[in-house]
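The structure appears below as structure tokens.
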Protein chains: 2
Amino acid sequence: MVTMGDVARLAGVSKMTVSNVVNNRTGVSEPVRRRVLEVIAESGYHLNLSARTLKSGRTGVIGLAVPEVDRPYFGMLAARVIEHAARRGFHVAIEQTGAVIAGEVEAIAQSHNLQLDGLILSAVVLDPRQHQVTDGSIPIVMLGERDFGAAFDHVAMPNEEGTRAATEHLINRGCRRIAFVTGDDLEGVNVVASRRRGYAAALAERGLKADPALLVTSPVMTLESGRTAVHRLVGAGAEFDGVVAVTDTVAQGVLRGLADHGLACPRQVRLVGFDDIPESKYLVPSLTTVAPDHGWMAEMAVRLVVERMADPARPTAEYVAPFDIIARESTR
Amino acid sequence: MVTMGDVARLAGVSKMTVSNVVNNRTGVSEPVRRRVLEVIAESGYHLNLSARTLKSGRTGVIGLAVPEVDRPYFGMLAARVIEHAARRGFHVAIEQTGAVIAGEVEAIAQSHNLQLDGLILSAVVLDPRQHQVTDGSIPIVMLGERDFGAAFDHVAMPNEEGTRAATEHLINRGCRRIAFVTGDDLEGVNVVASRRRGYAAALAERGLKADPALLVTSPVMTLESGRTAVHRLVGAGAEFDGVVAVTDTVAQGVLRGLADHGLACPRQVRLVGFDDIPESKYLVPSLTTVAPDHGWMAEMAVRLVVERMADPARPTAEYVAPFDIIARESTR
DNA sequence: TTGTATGCGTTATCAA
DNA sequence: TTGATAACGCATACAA
């Protein structure tokens with residue numbers, strides 16, 4: 001391997017001069033700079049980032065911990081975060097937490113070992129009331145789901161507002177018996193609880209009764225759980241003319257479940273999701289959904305991490321992403 | 001920051017002994033080991049990976065370059081690669097190439113700077129005949145798409161075999177006018193060309209004519225391009241009773257396009273995709289598809305990278321993933 | 001404008 | 001079984 005010293009020797013200068021050239025610092029005469037760059041090109045020299053890191057204590061790597069990158073929503077998030085991080089000169093190492101508490105705790109713990117400069121954690125199960133996760137050694141930004149109070153910077157989804165708007169949208173379309181298909185952690189501080197509050201609030205506002213038979217929960221929020229939810233509703237003889245799904249992925253499963261029972265959407269049952277994943281527009285019927293501004297969220301998360309690196313003492317901030325209701329065929 | 005030296009001092013031993021304990025090496029007496037571990041726990045010491053890297057020249061990071069992580073297929077791939085790499089003690093840094101040649105070349109070039117121990121490159125546009133990409137400084141495994149001959153280890157998709165089987169499946173179901181919806185780089189050494197060969201081979205084998213009007217190409221392979229392809233077929237007055245889509249994502253777009261024109265699938269047009277992304281099972285109608293073994297591919301790619309680290313001289317190998325045809329509603 | 005000395009935290013080598 | 005020393009490649013401080 002060719003080192004900075006080799007380049008210095010070949011160019012007939014000192015290591016320091018090479019370092020200055022490599023780092024684009026001033027104070028190097030033009031002829032010397034050219035000579036050094038020549039030698040670098042010829043020799044195939046590459047700066048050793050580990051050595052620089054050892055000196056500076058910074059790796060230039062931001063961790064992104066998500067449940068699984070192959071869930072559409074988190075894949076989308078990862079793509080945006082990688083983009084915005086690159087724009088600021090950072091690389092992204094992805095950790096998969098598996099949506100289990102141990103995985104999310106581990107992601108924080110590992111951030112030391114991995115020498116991350118910062119961590120963006122999309123926690124979905126970690127409960128701030130039950131787990132002491134205050135780390136403090138590197139900037140951690142909580143993304144999207146759980147609210148850890150003022151302990152961390154937090155970029156939140158418009159969970160409650162979004163679901164309320166979605167539910168209102170169904171009501172405006174004439175639905176009166178609206179089911180809510182979601183996860184089962186209704187008590188915690190989490191996306192499931194917040195979105196359900198929005199659903200309940202909209203019903204209450206419009207004077208509709210929240211029928212417990214129309215609340216279908218399951219431990220996971222997947223395509224399969226959405227499908228199964230419909231099977232359960234129909235199996236229990238529940239009457240419903242609208243469904244609010246906790247995510248687009250679940251909604252897609254619901255669509256499948258409706259098809260299994262020959263229920264036409266939107267004619268017999270209208271459906272609305274949450275996230276606006278890329279596929280939603282192409283489903284048959286295309287899916288009405290709550291569309292938070294994902295690019296905005298990713299950019300903000302990266303920005304908060306980077307800014308906190310510069311100023312660790314800054315008070316934590318909480319941002320809620322803007323959103324739109326995208327009306328499509330599933331609620332026509 | 002607490003260093004190995006600090007731990008050594010606190011434990012009353014040498015740095016080397018601490019290192020031996022941290023690395024689980026033999027030759028440390030039990031009492032000393034316990035004492036050191038105690039101090040480590042108390043002091044909150046964490047091994048500095050950069051320093052280790054500086055010594056060893058290894059980072060423990062494998063790069064994974066994919067077009068975009070938010071495409072379902074590549075998200076799936078990334079998830080599997082991360083899993084298998086973790087199993088072998090490696091972390092994964094994801095690069096997004098944007099499916100452009102410059103991005104793919106850049107990924108290789110950057111692998112130096114990022115101090116990657118290896119690179120898994122899912123190239124989709126880089127053409128081995130036109131670009132000199134032989135690097136040699138770190139192990140590079142080509143994944144899935146393009147064939148670089150013996151220059152790199154290669155884990156291939158069963159492109160030709162898969163599409164042939166898919167096309168045969170349609171013929172067996174009674175289709176006689178089968179369209180192929182794909183990308184437009186039909187000449188290169190790539191997934192588009194191979195899959196088309198499989199399509200053509202199946203038609204030829206069964207004595208069906210390949211009507212050029214039924215070959216619909218577009219520069220990209222997306223949900224939108226699938227949808228548009230159907231619009232173009234119908235707009236041109238083409239008659240077709242089956243569609244082979246180059247990927248499941250494109251197939252999903254095709255499904256949408258069929259719906260736009262009131263064409264019933266599978267009654268009027270049968271459809272088959274390629275990849276078996278998680279969503280395919282839940283589409284309405286559920287999608288018949290060629291299902292390569294993605295876990296197998298990811299595992300093999302990681303294995304090849306890691307093995308080549310150990311033995312850079314080993315001749316390159318080529319593996320083709322096994323696959324199944326999953327018959328679902330879209331070809332019922 | 002350029003060079004020298006020193007140290008970042010770890011590990012390999014060799015000696016004790 | 002343990003310890004001392006010398007690197008790894010770079011950047012900081014300071015001297016020339």
Side-chain angles (χ1 to χ4, degrees), chain A residues 1-40 43-61 89 111-117 137-138, chain B residues 1-40 43-61 89 91 111-117 137-138 309:
Chain A
M1 174 191 283
V2 37
T3 76
M4 199 174 259
D6 297 335
V7 175
R9 198 168 28 71
L10 290 169
V13 299
S14 76
K15 287 199 299 183
M16 201 49 234
T17 300
V18 178
S19 175
N20 284 331
V21 171
V22 166
N23 291 284
N24 265 319
R25 277 187 281 255
T26 57
V28 182
S29 66
E30 205 39 51
V32 172
R33 155 171 269 115
R34 263 207 310 277
R35 175 88 191 102
V36 169
L37 288 175
E38 257 173 39
V39 172
I40 287 179
S43 60
Y45 165 74
H46 287 279
L47 184 66
N48 184 322
L49 283 191
S50 303
R52 166 184 284 178
T53 294
L54 185 56
K55 281 297 286 184
S56 67
R58 299 210 154 177
T59 56
V61 177
S111 64
H112 291 95
N113 287 334
L114 295 176
Q115 311 272 114
L116 302 177
D117 284 350
S137 70
I138 64 164
Chain B
M1 174 191 284
V2 36
T3 76
M4 197 174 263
D6 298 334
V7 174
R9 199 169 26 73
L10 290 170
V13 300
S14 77
K15 288 197 295 182
M16 205 51 232
T17 299
V18 177
S19 175
N20 285 330
V21 171
V22 166
N23 291 284
N24 264 319
R25 279 188 279 253
T26 57
V28 181
S29 66
E30 204 39 50
V32 172
R33 156 171 268 116
R34 264 208 309 279
R35 174 87 192 103
V36 169
L37 288 174
E38 256 173 39
V39 173
I40 287 179
S43 61
Y45 164 75
H46 288 280
L47 183 66
N48 184 324
L49 284 190
S50 302
R52 165 184 284 177
T53 294
L54 182 56
K55 279 296 287 183
S56 68
R58 299 207 154 179
T59 55
V61 177
H91 279 268
S111 65
H112 290 94
N113 288 334
L114 295 176
Q115 310 272 112
L116 301 177
D117 284 349
S137 68
I138 64 163
M309 290 176 199

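Throughout, a chain's letter reflects where its sequence line sits, starting with A, and its residues are numbered from 1.
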Between atom CD of A:Q115 and atom CG of B:L47, what is the distance when rounded to the nearest 0.5 Å? 8.0 Å
Check: B:V39 and B:V18 side chains under 4.5 Å, non-hydrogen atoms: no
Could you give the CD1-to-C1' distance, from A:I40 to D:dC10, as a whole number of Å? 13 Å
Taken to the nearest whole Å, CG/A:N20 to P/C:dG3 is 10 Å
A:T59: which residues meet the side-chain hydrogen bond (donor to acceptor under 3.5 Å, both in side chains) condition with it, sequence neighbours left out? A:D117
What distance do B:S111 atom OG and B:I138 atom CD1 have between them, rounded to the nearest 0.5 Å? 3.5 Å
Taking CG from A:L49 and P from D:dG9, how many angstroms apart are they, rounded to a whole number? 14 Å
So which heavy atom on B:S14 is nearest to which on B:A8, and how close? C-CB, 3.6 Å
Protein N or O to nucleotides 5-9 of chain C N or O, pairs below 3.5 Å:
unit_1 : atom_1 : unit_2 : atom_2 : d
C:dG7  : N2     : A:K55  : NZ     : 3.0

Is the shortest heavy-atom distance from the side chain of A:T3 to the side chain of A:N48 under 4.5 Å? no
Strictly distance-based, threshold 3.5 Å: is any side-chain N or O of B:T53 a donor or acceptor partner for the main-chain N or O of B:R58? yes
I want to check something: taking the side chain as every heavy atom from C-beta on, are A:D6 and A:S43 in contact at a cut-off of under 4.5 Å? no
Between the protein and nucleotides 14-16 of chain C, list every N/O to N/O distance that falls short of 3.5 Å.
none

Measure from CZ on B:R9 to C1' on D:dA4 and round the result to the nearest Å. 17 Å
Atom-to-atom span, CZ of A:R58 to C1' of D:dA11 - whole angstrom: 16 Å
May I ask you to verify if any side-chain N or O of A:S19 is less than 4.0 angstrom from the OP1 or OP2 atom of D:dA11? yes
Under 4.0 Å, heavy atom to any atom of DNA chain D: which of residues 21-31 of chain A qualify? A:N23, A:R25
The reported gap from CG in B:L49 to CG in A:L114 (rounded to nearest 0.5 angstrom) is 6.5 Å
Euclidean distance, B:S19 OG relative to B:K55 NZ, rounded to 0.5 Å: 10.5 Å
Could you report the tightest heavy-atom contact between B:V2 and B:Y45, atom names first, then the distance? O-CD1, 3.3 Å
End-to-end axis angle, where each axis spans five pairs of the helix from C:dT1-D:dA16 to C:dA16-D:dT1, to 10°: 30°
Check residues 26-35 of chain A and write down every donor-acceptor pair under 3.5 Å in which the side-chain atom is one partner and the other belongs to a residue at least two apart or another chain.
unit_1 : atom_1 : unit_2 : atom_2 : d
A:R33  : NH2    : A:R25  : O      : 3.3
A:R35  : NH1    : A:E38  : OE1    : 3.3
A:R35  : NH2    : A:L10  : O      : 3.4

Side chains of A:I40 and A:M4: does their closest heavy-atom pair fall under 4.5 Å? no
Is A:T17 close enough to C:dT1 that one of its side-chain N or O atoms is under 4.0 Å from OP1 or OP2 there? no
